[in-house]
Peer 1: 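Structure below; questions to follow.
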Amino acid sequence: MLEVADSLIKADGFNHLAGIVILAGGASKRMGSQKAELILPTGERLLDYHVRQALELSAAMMSNIPIMIADNGRGFSINPNLIKSSKSSIFRIRDYLSANALSSKNISGKNLSNKDDKSIETGGALVAIEAALQSLKRLARSNPLTKDASWQQSWLLVISCDSLIPVTDLWQKLQPYITQAADKSVICLTDDSHLYPLLGLYRLDMEPDLKRYIDDGQRQVMKFIKPIVQPVPFAKAWQELTNFNTPKDFSRACLALNNL
């Protein structure tokens, strides 16, 4: 567990990154199947694609960054070869409202129950992000080497399963704004008319505020982040890579990925 939280101790350069959460629990109604299970033209499943990309970022940073799968009890499997080659901890978390706690079972263990199907449909992204923030705080506090609160200035990278933007590219795009927008707690992509809050960075010290917001019965992402967000303009080549909700959208995204 100590090695899992190594990245929380360091506070310079790339090591501002405390963890990565892959949001994979959406209903995917218009897609007709779970987005996490979509197959890329290479034969790789979408969730495996994001896990592999996250592992590559962790290796490039020479830090064992925790990689969390927020699938809200759907129990998606991960390619065993990714798990075997990983130095990072890969584990599932359950949405804050579904379980109020971190599921500490390793991703290769027994699948979680699907008894919370109703909450899967209605929980929303913020309860998954809250669970991820809580998980990182627990990891930091369990590490006796973490003697001060500096880890709270570290960041959680959020990436959703309606995007093919490579995790490393997303981090490199957002990371400079950590110092440029020191008064902001959320940094996310934007285009000419929309924010993309599920492709962004969330600072760990915002967790109590997010918890209160959720406990008050709120779920609207934009309402919560509006006062604290730093928008980062989209790379033009990424326009077709994200926000796919239909098979046609996904085909277009795969073509755009191939053309990167």
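The analysis underlying the following values was restricted to heavy atoms, covering all of them including side chains, and did not include hydrogens, waters or symmetry mates.
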Peer 1: Quick one: does Ser85's side chain have a donor or acceptor within less than 3.5 Å of a partner on Leu82's backbone?
Peer 2: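 Answer holds: yes.
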Peer 1: So which heavy atom on Val229 is nearest to which on Cys188, and how close?
Peer 2: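 Nearest heavy atoms, Val229 then Cys188: CG2-SG, 3.7 Å.
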Peer 1: Between Glu56 and Arg52, does any NZ, NE, NH1 or NH2 come within less than 4.0 Å of an OD or OE carboxylate oxygen?
Peer 2: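 Looking at Arg52 and Glu56, the cut-off is met.
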Peer 1: Could you tell me whether the side chain of Leu164 reaches within less than 4.5 Å of the side chain of Leu40, counting heavy atoms only?
Peer 2: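 Touching, per the 4.5 Å side-chain cut-off.
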Peer 1: Under 3.5 Å, is there a donor-acceptor pair between the Tyr196 and Asp162 side chains?
Peer 2: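 The criterion, which ignores hydrogens and geometry beyond distance, is not satisfied for Asp162 and Tyr196.
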Peer 1: Can a donor-acceptor pair be found, under 3.5 Å and without considering hydrogens, that links the side chain of Asn259 to the backbone of Leu255?
Peer 2: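 The answer is yes, because a donor-acceptor pair under 3.5 Å joins these two groups.
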Peer 1: Can a donor-acceptor pair be found, under 3.5 Å and without considering hydrogens, that links the side chain of Ser88 to the backbone of Leu55?
Peer 2: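 No, because the side chain of Ser88 does not come within donor-acceptor range (under 3.5 Å) of the backbone of Leu55.
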Peer 1: Just by distance, no angles: are the side chains of Asn79 and Asp48 close enough, under 3.5 Å, to form a donor-acceptor pair?
Peer 2: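 No - no donor-acceptor pair under 3.5 Å links their side chains.
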Peer 1: Please check: side-chain N/O of Tyr202 versus main-chain N/O of Pro197, any donor-acceptor pairing under 3.5 Å?
Peer 2: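 Checked: pair present.
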Peer 1: Do His16 side-chain atoms and Thr179 backbone N/O form a donor-acceptor pair below 3.5 Å?
Peer 2: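 Such a contact is absent between His16 side chain and Thr179 backbone.
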Peer 1: So, the side chain of Arg92 versus the backbone of Phe76: is there a donor-acceptor pair under 3.5 Å, distance only?
Peer 2: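 Confirmed, Arg92 side chain pairs with Phe76 backbone.
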Peer 1: Determine yes or no for a side-chain-to-main-chain donor-acceptor pair under 3.5 angstrom, with Thr190 supplying the side chain and Pro231 the backbone.
Peer 2: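 No: the side chain of Thr190 does not pair with the backbone of Pro231.
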Peer 1: Any side chain to side chain donor-acceptor pair (under 3.5 Å) pairs touching residues 220-243, not counting sequence neighbours?
Peer 2: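 Non-adjacent pairs meeting side chain to side chain donor-acceptor pair (under 3.5 Å): Gln218-Lys223.
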Peer 1: Who passes ring pair (Phe, Tyr, Trp, His ring centres under 6.0 Å) against Phe244, sequence neighbours left out?
Peer 2: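 With sequence neighbours excluded, Phe244 shows a ring pair (Phe, Tyr, Trp, His ring centres under 6.0 Å) to Phe250, given in chain and number order.
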Peer 1: Decide side-chain contact (heavy atoms from CB on, under 4.5 Å) for Leu198 and Ile129; before the verdict, give the C-alpha distance in whole Å, the side-chain angles of both, and the deciding distance to 0.1 Å.
Peer 2: CA-CA 9 Å; Leu198 307 188; Ile129 293 171; 4.2 Å; yes
Peer 1: Donor-acceptor check, side chain of Arg45 to backbone of Ser77, threshold 3.5 angstrom: yes or no?
Peer 2: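 Side chain of Arg45 to backbone of Ser77: a pair is present.
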Peer 1: Can you pull out every salt bridge (Lys or Arg N to Asp or Glu O under 4.0 Å) where at least one residue sits in residues 173-191? Sequence neighbours excluded, please.
Peer 2: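 Pairs touching residues 173-191 that pass the test: none.
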Peer 1: Donor-acceptor check, side chain of Arg219 to backbone of Ile214, threshold 3.5 angstrom: yes or no?
Peer 2: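 Yes; judged by distance alone, with no hydrogens or angles, the pair exists.
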Peer 1: Are any non-hydrogen side-chain atoms of Gln53 and Trp171 less than 4.5 angstrom apart?
Peer 2: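 Not in contact.
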Peer 1: So, does Ser58 use its side chain to make a donor-acceptor pair with the main chain of Ala54 at under 3.5 Å?
Peer 2: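 Not at all, since once roles are kept as given, no pair shorter than 3.5 Å links the two residues.
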